[in-house]
Q: 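If you scroll down you'll find the structure; I have some questions about it.
Atom set for the values below is all heavy atoms of this structure, side chains included, hydrogens, waters and symmetry mates excluded.
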Amino acid sequence: MIWLYGINVCGEGGEYETLTLDCPLFKNARIVLDEFQIVLHSPDTIAPVGILHPLAFHLENKVESISSNGIDEASNLDTVFEVEGDVQQEGEAASEFVAIRSERSGVTKQELKVSKTMKDNVFSISCWLQDSSKNSSDLQEDLEVILMRIEALLMENGSSWENVLYIHLYIADMDEFAVANETYVRFITQEKCRYGVPSRSTIELPLLLVGLGRAYIEVLVANDPTKKVLHVQSISCWAPSCIGPYSQATLHNEILHMAGQLGLDPATMLLCEGGPVAELEQALENSEAVARSFNCSISTSAMVFVIYCSESVEKSERIIVQKKTETLLKQMKSNHADGTKKSKVLDPIFLYVLVPDLPKRALVEVKPMFYTGEYLSGPSDLTKQSQSTEQDYCGHDISLQKCVAYGKICTVILSVTEGLAAKICSLASVACPANVMSKGLVEKEQVILIARFCISRLDKVLSENNFSWDDIMNFRLYFASNLNFSHGTLSEIFSDVFNELVQMSRRNKVDAEPILNIVPVLGAGRSLSTLDDIFTCELIASKC
């Protein structure tokens, strides 16, 4: 047939037509190539393409063989074998695996902590080890215990890793990135995730400084496992391949969750030269390339950007990075202003986070989230799609950012700076030092007042935009690790305050697990030049 029709190289994503020489369908003979040549079709420096051109071949009869178990291998396709006895179901096997490994770890329930949001169809689960740094020996041990616990929680919910859309992997030391990946792939595999492995962001955080173990994981789960993923594995010129066992982006219910993007040159998979500004520009280009594969764009569909910055970046350079971010996004919006097909254009909100280290020793990592669908205009829609500084707390400025696709999705970032914290405490006649970031919050009462303010203010935003706490998909609290409060104490305070609101409003039920994922960082804020937030709340609610 080759000499009659020729050959056409028509593959996609590096997968080309295959010439089959032998297979079980060939009952009597196999094809043997006597002579062939390789014709170079595309002499590309990254991915050259060649054509195998058979010049001479012949058929070779197969010798009938009987395997050691007496089964004729040549007739396997026509035979049905009945398996007798009890068959262990996949869920049962997984449960047994979790139980065995958990006994080996010796971790108590007091040490292993969990939080979970209340949304029914899409929710987040977080798991971490509390006050376990003195007992755990290494990252692998901590990560195994956490992954086993999440796996068990997924099964309790009738889900599996197949239902996971996104994973935030926080580790205490980026030097152990390879160990984290090796442990990770023992639990999360292509075989377990038929619709594609989850997208992921991996960040080093000061976990040990706040009394946590060496690993901390947050997973976003959908009861409906249908999703579309982009899993770039080969080197190309349009987008970087994944540097770990994850997908570049996951689309579910019109929300695109993108993996953290580094400033990697797609053609070489090396960090681009030129420092943090050059890495930022490349990371945004990579984000745009991935977004376009889902028929959306940063200029029209981005809702929130979390931009991680390594502490190795000098303060003077951080100012330039932020200005460059604003300039590039304005330029991208300008370039797409004409001819856009979307009836609405979203104005994204920003959170800058200072962390100890990033994968590949990168200086910047960009993590955007997109809404790819259409939505109707709501009341005062323009005010709901913009960053804002409000003055509704007794005349004091509140740094509140929100981006809302009316009736679909609501994203909010609430920043509590030193100045705002002092004003909140002063109104309650509770003293709060002006230099909180250097001395820490010395009184628990001060934290309780700030927690009440945060929960109350977020409740108001949700209500104003026709959302509720039952719609919460993600709820994170970033806090400066140099505060004199442990992670466990903060979790207890914010959980108690939230439960106060629930009981007062009688709108929600109180769950056993807290809904808040508390993340320790070196600094955070809407300005990369100052990063002066004591606490930063990031909330995502969805009706999708």
Side-chain angles (χ1 to χ4, degrees), residues 116-117 119 121-126 150 154 159-170 184 188 193-203 217-232 239-240 242-262 283-284 286-298 300-308 346 348-351 353 359 365-373 375 403-405 408-413 471-476 517 519 538-544:
K116 180 180 178 295
T117 55
K119 187 171 172 62
N121 60 332
V122 182
F123 54 91
S124 62
I125 299 174
S126 300
I150 292 177
L154 290 172
S159 306
S160 67
W161 291 112
E162 183 174 83
N163 297 81
V164 176
L165 306 175
Y166 201 99
I167 296 179
H168 286 84
L169 174 59
Y170 305 127
Y184 184 93
I188 305 167
C193 306
R194 292 177 298 170
Y195 302 102
V197 291
S199 298
R200 193 183 80 182
S201 173
T202 304
I203 306 294
I217 288 183
E218 176 187 341
V219 298
L220 182 65
V221 187
N223 285 334
D224 171 14
T226 57
K227 60 184 179 181
K228 294 181 180 179
V229 305
L230 175 67
H231 191 186
V232 182
C242 299
I243 60 173
Y246 61 89
S247 297
Q248 285 282 22
T250 300
L251 178 65
H252 182 263
N253 285 351
E254 298 183 320
I255 300 175
L256 182 62
H257 308 272
M258 190 175 293
Q261 299 294 315
L262 304 178
L284 288 173
N286 295 341
S287 300
E288 178 69 4
V290 174
R292 286 183 179 179
S293 68
F294 290 90
N295 297 317
C296 64
S297 170
I298 288 176
T300 58
S301 305
M303 293 202 73
V304 58
F305 281 93
V306 177
I307 300 179
Y308 300 102
L346 296 166
I349 57 179
F350 293 85
L351 174 63
V353 179
E365 178 175 325
V366 177
K367 190 191 69 173
M369 189 190 77
F370 302 77
Y371 176 67
T372 64
Y375 60 96
C403 180
V404 180
K408 297 292 185 177
I409 184 168
C410 174
T411 60
V412 185
I413 293 176
D471 298 317
I472 300 300
M473 192 169 64
N474 287 113
F475 187 16
R476 299 185 191 93
N517 180 27
V519 183
E538 180 192 5
L539 182 147
I540 302 173
S542 171
K543 291 185 179 294
C544 297

Q: Please name the pair of heavy atoms, one in G196 and one in K227, separated by the smallest distance, quoted to 0.1 Å.
A: O-NZ, 3.0 Å
Q: Please list, chain by chain and in numerical order, all residues satisfying side chain to side chain contact (heavy atoms under 4.5 Å, CB included) with S160, sequence neighbours excluded.
A: E162, N163
Q: Would you confirm whether T411, through its side chain, and C403, through its main-chain N or O, come within 3.5 Å as a donor-acceptor pair?
A: yes
Q: Applying side chain to side chain contact (heavy atoms under 4.5 Å, CB included), name anything that partners A291, two or more places apart in sequence or on another chain.
A: M258, C296, F370
Q: Using side chain to side chain contact (heavy atoms under 4.5 Å, CB included), reason through I409 and I540 one step at a time and then give a plain yes or no.
A: CA-CA 7 Å; I409 184 168; I540 302 173; 4.1 Å; yes
Q: Check for a donor-acceptor pair, side chain of Q248 on one end and backbone N or O of P240 on the other, with a separation under 3.5 Å.
A: yes
Q: Between S124 and L220, is there a donor-acceptor pair closer than 3.5 Å when you use the side chain of the first and the backbone of the second?
A: no
Q: Atom OG1 of T300 and atom CG of L346: how far apart are they, to the nearest 0.5 Å?
A: 7.5 Å
Q: Tell me, do L165 and S199 make a side-chain contact under 4.5 Å, heavy atoms counted?
A: no
Q: Got a second to check how far Y246's OH is from I188's CD1, nearest 0.5 Å?
A: 13.5 Å
Q: Report yes if the side chains of V306 and R476 come closer than 4.5 Å at any heavy-atom pair, otherwise no.
A: no
Q: Check whether any side-chain heavy atom of N253 lies under 4.5 Å from a side-chain heavy atom of N121, and answer yes or no.
A: yes
Q: Side chains of K367 and Y166: closer than 4.5 Å at any heavy-atom pair?
A: yes
Q: Which heavy-atom pair separates K119 from C544 by the least distance, and what is that distance?
A: NZ-O, 4.1 Å
Q: In Å and rounded to the nearest 0.5 Å, what is the OG to CG distance from S542 to D471?
A: 7.5 Å
Q: Going by heavy atoms in the side chains, are W161 and V219 under 4.5 Å from each other?
A: yes
Q: Looking at F294, does the NZ or CZ of K228 lie under 6.0 angstrom from its six-membered ring centre and within 45 degrees of the ring axis?
A: no
Q: A side-chain contact here means heavy atoms from C-beta on lying under 4.5 Å apart; do H257 and P198 qualify?
A: no
Q: With side chain to side chain contact (heavy atoms under 4.5 Å, CB included) as the test, would you mind laying out the steps for M369 and I255 before giving the verdict?
A: CA-CA 7 Å; M369 189 190 77; I255 300 175; 4.0 Å; yes
Q: What is the distance from atom CG of N517 to atom CZ of F475, rounded to the nearest 0.5 Å?
A: 10.5 Å
Q: For the residue pair L284 and V366, establish whether any side-chain heavy-atom pair is separated by less than 4.5 Å.
A: yes
Q: Between S247 (side chain only) and V197 (backbone N and O only), is there a donor and an acceptor less than 3.5 Å apart?
A: yes
Q: Looking at A259, is its backbone amide N or carbonyl O close enough to the side chain of Q261 to form a donor-acceptor pair, meaning the two atoms are under 3.5 Å apart?
A: yes
Q: Do N295 and T372 make a side-chain contact, defined as non-hydrogen atoms from C-beta onward lying under 4.5 Å apart?
A: no
Q: Return yes if some donor-acceptor pair links the side-chain N/O of H168 with the main-chain N/O of T202 below 3.5 Å, else return no.
A: no
